[in-house]
Amino acid sequence: MTKTNPKGFAKNQIPLYLYLIPLAIFMAAPIVFIIFHAFKPMDELFMFPPRFLVYRPTMENFNALFRVAAGATVPVSRYVFNSVVVTLAVVFSTVVTASMAGFALSKMHFRGKIALFTINNLALMFVPVALQIPRYMTVAAIGIENTYFAHILPIVATPVIVFLIKQFMDQVPDSLIEAATVDGAGAWRIYLGIMIPMVRPALATGAILSFQMVWNNIETSALFTTSESIRTLPFYMSTLAAAGGIAGQGMAAAASLIMFVPNLLLFIVMQSRVMNTMAHSGLK
């Protein structure tokens, strides 16, 4: 009898490998291209047809990027500090608010629950560019331009993370909640002592999604701030590339790799939790 999931290699797995290996190569191709693109000299950057691999790798793109950054009026360390502060604040706030909202929508009973969840799902239909004007009007109305709050508050509420965590919490048996309630546990104790430990994979996935969203975000710096000292690293990198003209394309390639590396490292560190989320997201 052939096992469906053998511990070692089995001949019946060959069709699976024939399917997964090309798919893995296809998914890894953009990552490999970003890495090679950053080390291409100027003639290879503008070669037609474009080359996927780099034939004469060079560090000139990074050297040019660092030279321009060294001559900036605001130190690069300031942009890095702003990005770190904003990223940590957004990731923490997003995970906390999304988990609380997911718990309320999944396990609590109150009037308007279905309507609120429907509104959250409808919000998934709107692309970020469609929300730029309402967000700007909101930020201007409450007077938080040129502050860290202008970077944080507009992107704390993330409907996709609320949906993900809520669906994951739906899998937690209601009998656990009922048993805790009988023992005298309140909503906060159930949330912190039962739900949070059981949905850690979903929280990790939400943290990764939130990190990727805020780490690469230039919208808040472009729309809600005018002071260079409060802007973030992605916006600064984009201005360097734009100001350099044709020569700036090499700096843009180097900047893209620098901004991509933290995303890749975070996913590698937390990939096991992400895989647990994907494995259980369709189970009841």
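All values below were derived from every heavy atom in this structure, side-chain atoms included, with hydrogens, water molecules and symmetry-related copies excluded.
Judged by distance alone, the side chain of Ser99 and the main-chain N or O of Val96 form a donor-acceptor pair under 3.5 Å. A donor-acceptor contact shorter than 3.5 Å is absent between the side chain of Ser210 and the backbone of Gly206. Checking side-chain atoms of Asn82 against main-chain N and O of Ser229 turns up a donor-acceptor pair under 3.5 Å. Side chain of Lys107 to main chain of Ile190: no donor-acceptor pair is present (N/O by atom type, distance under 3.5 Å, no hydrogens or angles). Side chain of Trp215 to main chain of Thr87: no donor-acceptor pair is present (N/O by atom type, distance under 3.5 Å, no hydrogens or angles). With His151 contributing its side chain and Val85 its backbone, the two residues share no donor-acceptor pair below 3.5 Å. The closest donor-acceptor contact from the side chain of Arg56 to the backbone of Pro41 lies at 3.5 Å or more, if one exists at all.
Looking at every heavy atom in both residues, Ser93 comes nearest to Ala89 through OG-O, 2.8 Å. Here the shortest heavy-atom pairing between Ile218 and Phe235 reads CG2-N, 3.6 Å. The shortest heavy-atom contact between Ile194 and Leu176 is CD1-O, 4.2 Å. The shortest non-hydrogen separation linking Thr226 to Arg231 is CA-NH2, 3.8 Å. Between Ile152 and Val90, the closest heavy-atom pair is CA-CG2, 3.8 Å. Scanning both residues, Asn146 and Ser227, for their nearest heavy atoms gives OD1-N, 3.2 Å.
For the ring pair (Phe, Tyr, Trp, His ring centres under 6.0 Å) with Phe39, the qualifying choice from Tyr55, Phe62, Phe33 is Phe62, the only one to do so. For the side-chain contact (heavy atoms from CB on, under 4.5 Å) test with Ser83, the passing option among Leu88, Val214, Thr232 is Thr232; the others fail.
Within 6.0 Å of atom CZ in Phe26, 12 or fewer heavy atoms from other residues, nucleotides or ligands are found, so the atom counts as exposed in its surroundings. The number of heavy-atom neighbours closer than 6.0 Å to CD1 of Ile114, taken from other residues, nucleotides and ligands shown, is 12 or below. Around CG of Leu23, the count of heavy atoms belonging to other residues, nucleotides or ligands within 6.0 Å exceeds 12. Taking a 6.0 Å sphere around OH of Tyr136, one finds it holds 12 or fewer heavy atoms contributed by other residues, nucleotides or ligands.
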Exercise. Take Lys113 and Met108 through the test side chain to side chain contact (heavy atoms under 4.5 Å, CB included) and record every step on the way to the result.
Key: CA-CA 9 Å; Lys113 170 181 172 179; Met108 301 186 73; over 6 Å; no
Quiz item: Would Thr97 and Met100 satisfy side chain to side chain contact (heavy atoms under 4.5 Å, CB included), going step by step from the backbone distance to the final call?
Solution: CA-CA 5 Å; Thr97 56; Met100 293 174 64; 5.8 Å; no
Quiz item: When you look at Met213 and Thr158, which way does the side chain to side chain contact (heavy atoms under 4.5 Å, CB included) test go after all the steps?
Solution: CA-CA 10 Å; Met213 175 183 64; Thr158 310; 3.6 Å; yes
Quiz item: For Leu233 and Met259, what are the C-alpha separation, side-chain angles and deciding distance, and is it a side chain to side chain contact (heavy atoms under 4.5 Å, CB included)?
Solution: CA-CA 9 Å; Leu233 185 62; Met259 296 304 299; 3.9 Å; yes
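Cluster annotation: Ile177 and Val199 are assigned to the same hydrophobic cluster (Ile/Leu/Val/Met/Phe/Trp/Tyr, side-chain heavy-atom contacts under 4.5 Å, transitive). In this structure, Leu124 is not a member of the same hydrophobic cluster as Ile119, with clusters built from ILVMFWY side-chain heavy atoms closer than 4.5 Å. Phe110 is connected to Ile165 through a chain of hydrophobic side-chain contacts under 4.5 Å among Ile, Leu, Val, Met, Phe, Trp and Tyr, so both are in one cluster. Criterion: ILVMFWY side-chain heavy atoms under 4.5 Å apart, direct or through other members. Under it, Leu131 and Ile142 are not part of a common hydrophobic cluster. Leu223 and Tyr79 fall into different hydrophobic clusters, where Ile, Leu, Val, Met, Phe, Trp and Tyr residues are linked whenever their side-chain heavy atoms come under 4.5 Å apart, directly or through other members.
Leu16 contributes atom CG, which lies 9.5 Å from atom CD1 of Ile21 (distance to the nearest 0.5 angstrom). The CG atom of Asp170 sits 11.0 Å away from atom CZ of Phe168, with the distance rounded to the nearest 0.5 Å. Between atom CG of residue Asn120 and atom CD1 of residue Ile161 there is a gap of 11.0 Å, rounded to the nearest 0.5 Å. Here CG of Leu209 is found 7.0 Å from CG of Leu164. Values are rounded to the nearest 0.5 Å. The structure places CZ of Phe149 at 15.0 Å from CZ of Phe224, a figure rounded to the nearest 0.5 Å. Taking OG1 of Thr220 as the reference point, atom OH of Tyr148 lies at 12.0 Å (rounded to 0.5 Å).
Between Glu228 and Tyr236, the side chains place no donor N or O within less than 3.5 Å of an acceptor N or O (distance only, hydrogens not considered).
When side chains are defined from C-beta on, Leu257 counts as touching Ile35, because their heavy atoms get closer than 4.5 Å. Side chains of Thr138 and Pro154 form no contact here, defined as non-hydrogen atoms less than 4.5 Å apart. Two residues are said to be in side-chain contact when any heavy atoms from C-beta on lie closer than 4.5 Å; Phe126 and Pro159 fail this criterion.
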